*Asks:* 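Here it is, the structure in full.
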Amino acid sequence: MRTELKFGTAGLDWNDVCSIFERAPLGTRKPDKLRRASENSYAVCTAWQGDALVGFGRAISDGEYQSAIYDVVILPEVQGQGIGRTIMQALLDRLPDRTTVLIYAVPGKEGFYEKLDFGLLKTGMALFPDPERAHAAGYLY
């Protein structure tokens, strides 16, 4: 089935978006918080097959030096069809040229981003609100 990309947050059902995270599974998101985060993002991209939302991603940027891509998530039943790559490329195309783009990779999925020319950081560090949970999920050493 043909996949269509849409940009922005207008008209999104945030419960549907959050459902993709749970089904992927990438954890849970609260609809109101994800809506606010997305409305404050530099770019938001959704993927649709007909009337069905099948993918989501968003990016933030200061417009000059740094950008980050977050929350790229695809329904399990359509993973492997290139939708994640398409969302990533669409977000990268909308970010300002010549900014450093950071991304959190789900542990075990780093290879997907390496195919898009992302490299592993030697000096990356993070301050998580729940470090024990982040460690258990494989995000911290």
Side-chain angles (χ1 to χ4, degrees), residues 1-121 123-141:
M1 177 173 260
R2 184 175 174 275
T3 302
E4 177 186 358
L5 297 183
K6 295 180 183 178
F7 299 93
T9 59
L12 286 177
D13 181 325
W14 293 100
N15 289 311
D16 288 347
V17 178
C18 290
S19 175
I20 296 175
F21 283 87
E22 292 175 17
R23 292 176 59 197
L26 282 182
T28 59
R29 299 291 191 277
K30 293 182 179 178
D32 287 344
K33 288 180 82 169
L34 184 58
R35 177 188 52 79
R36 282 191 302 275
S38 297
E39 288 172 348
N40 288 315
S41 294
Y42 194 90
V44 174
C45 180
T46 51
W48 300 80
Q49 291 185 342
D51 292 334
L53 177 66
V54 298
F56 175 85
R58 65 186 185 92
I60 63 172
S61 181
D62 63 16
E64 297 293 336
Y65 300 104
Q66 300 287 323
S67 299
I69 295 177
Y70 292 101
D71 296 332
V72 176
V73 61
I74 310 299
L75 282 175
E77 58 267 28
V78 296
Q79 289 179 10
Q81 296 180 15
I83 299 168
R85 175 181 280 277
T86 301
I87 288 175
M88 283 293 298
Q89 193 58 58
L91 291 170
L92 289 167
D93 289 346
R94 279 160 180 74
L95 289 171
D97 288 337
R98 310 294 297 161
T99 62
T100 298
V101 181
L102 303 171
I103 190 162
Y104 284 110
V106 171
K109 299 291 186 181
E110 296 89 351
F112 171 79
Y113 299 104
E114 288 174 341
K115 290 177 188 174
L116 294 167
D117 294 328
F118 281 81
L120 291 174
L121 296 174
T123 60
M125 299 179 82
L127 178 61
F128 286 92
D130 186 344
E132 290 82 19
R133 183 173 168 210
H135 179 73
Y139 287 99
L140 289 173
Y141 289 103

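Here the structure is a predicted model, which means the values were calculated and not measured. The first residue in the sequence is number 1, and the count goes up from there.
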*Asks:* Name the atoms and distances for all side-chain donor-acceptor pairs under 3.5 Å in residues 124-141, with sequence neighbours left out.
*Replies:*
residue, atom, partner, partner atom, Å
Asp130, OD1, Arg133, N, 3.2
His135, ND1, Leu140, O, 3.1
His135, ND1, Tyr141, O, 3.4

*Asks:* Taking atom NZ of Lys30 and atom CZ of Arg36, what is their separation to the nearest 0.5 Å?
*Replies:*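 Answer rounded to 0.5 Å: 10.0 Å.
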
*Asks:* Sequence neighbours left out, what passes side chain to side chain contact (heavy atoms under 4.5 Å, CB included) with Ser41? Give chain and number order.
*Replies:* Val44, Arg58, Ile60

*Asks:* For Asp13, give me all partners under side chain to side chain contact (heavy atoms under 4.5 Å, CB included), at least two apart in sequence or on another chain.
*Replies:* Asn15, Asp16

*Asks:* Can you find a heavy atom in the side chain of Leu91 that is under 4.5 Å from one in the side chain of Tyr42?
*Replies:* no

*Asks:* Identify the two heavy atoms, one from Ile20 and one from Gly55, that lie closest to each other, and give their separation to 0.1 Å.
*Replies:* CD1-N, 3.9 Å

*Asks:* Where do Asp71 and Leu34 land on the side chain to side chain contact (heavy atoms under 4.5 Å, CB included) test, with the steps shown first?
*Replies:* CA-CA 10 Å; Asp71 296 332; Leu34 184 58; 3.7 Å; yes

*Asks:* Specify the closest pair of heavy atoms between Asp62 and Tyr65, including all atoms of both residues, with the distance to one decimal.
*Replies:* OD1-N, 2.8 Å

*Asks:* Scan the side chains in residues 73-83 for donor-acceptor partners under 3.5 Å anywhere in the protein, sequence neighbours excluded, and list what turns up.
*Replies:*
residue, atom, partner, partner atom, Å
Glu77, OE1, Arg23, NH2, 3.2
Glu77, OE2, Arg23, NH2, 2.5
Gln79, NE2, Ile74, O, 2.8
Gln81, OE1, Gln49, NE2, 3.3

*Asks:* Going by the rule side chain to side chain contact (heavy atoms under 4.5 Å, CB included), which residues pair with Asp51 if we only count those two or more places apart in sequence or in a different chain?
*Replies:* none

*Asks:* Nearest 0.5 Å, what's the CH2-CZ distance between Trp14 and Arg35?
*Replies:* 8.0 Å

*Asks:* Please tabulate, one pair per line, all N/O donor-acceptor pairs under 3.5 Å involving side-chain atoms of residues 95-118, not counting sequence neighbours.
*Replies:*
residue, atom, partner, partner atom, Å
Thr99, OG1, Ser67, OG, 2.9
Thr99, OG1, Pro96, O, 3.3
Glu110, OE1, Gly108, N, 3.0

*Asks:* If you compare all heavy atoms of Leu12 against all heavy atoms of Gly8, which two are closest, and at what distance to 0.1 Å?
*Replies:* CD1-O, 3.9 Å

*Asks:* Atom CG of Leu53 and atom OG1 of Thr46: how far apart are they, to the nearest 0.5 Å?
*Replies:* 6.0 Å

*Asks:* With rounding to the nearest 0.5 Å, note down the distance linking SG in Cys18 to CZ in Phe56.
*Replies:*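 That separation rounds to 8.5 Å.
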
*Asks:* Kindly determine whether Thr86 and Thr3 satisfy side chain to side chain contact (heavy atoms under 4.5 Å, CB included), including the steps that lead there.
*Replies:* CA-CA 10 Å; Thr86 301; Thr3 302; over 6 Å; no

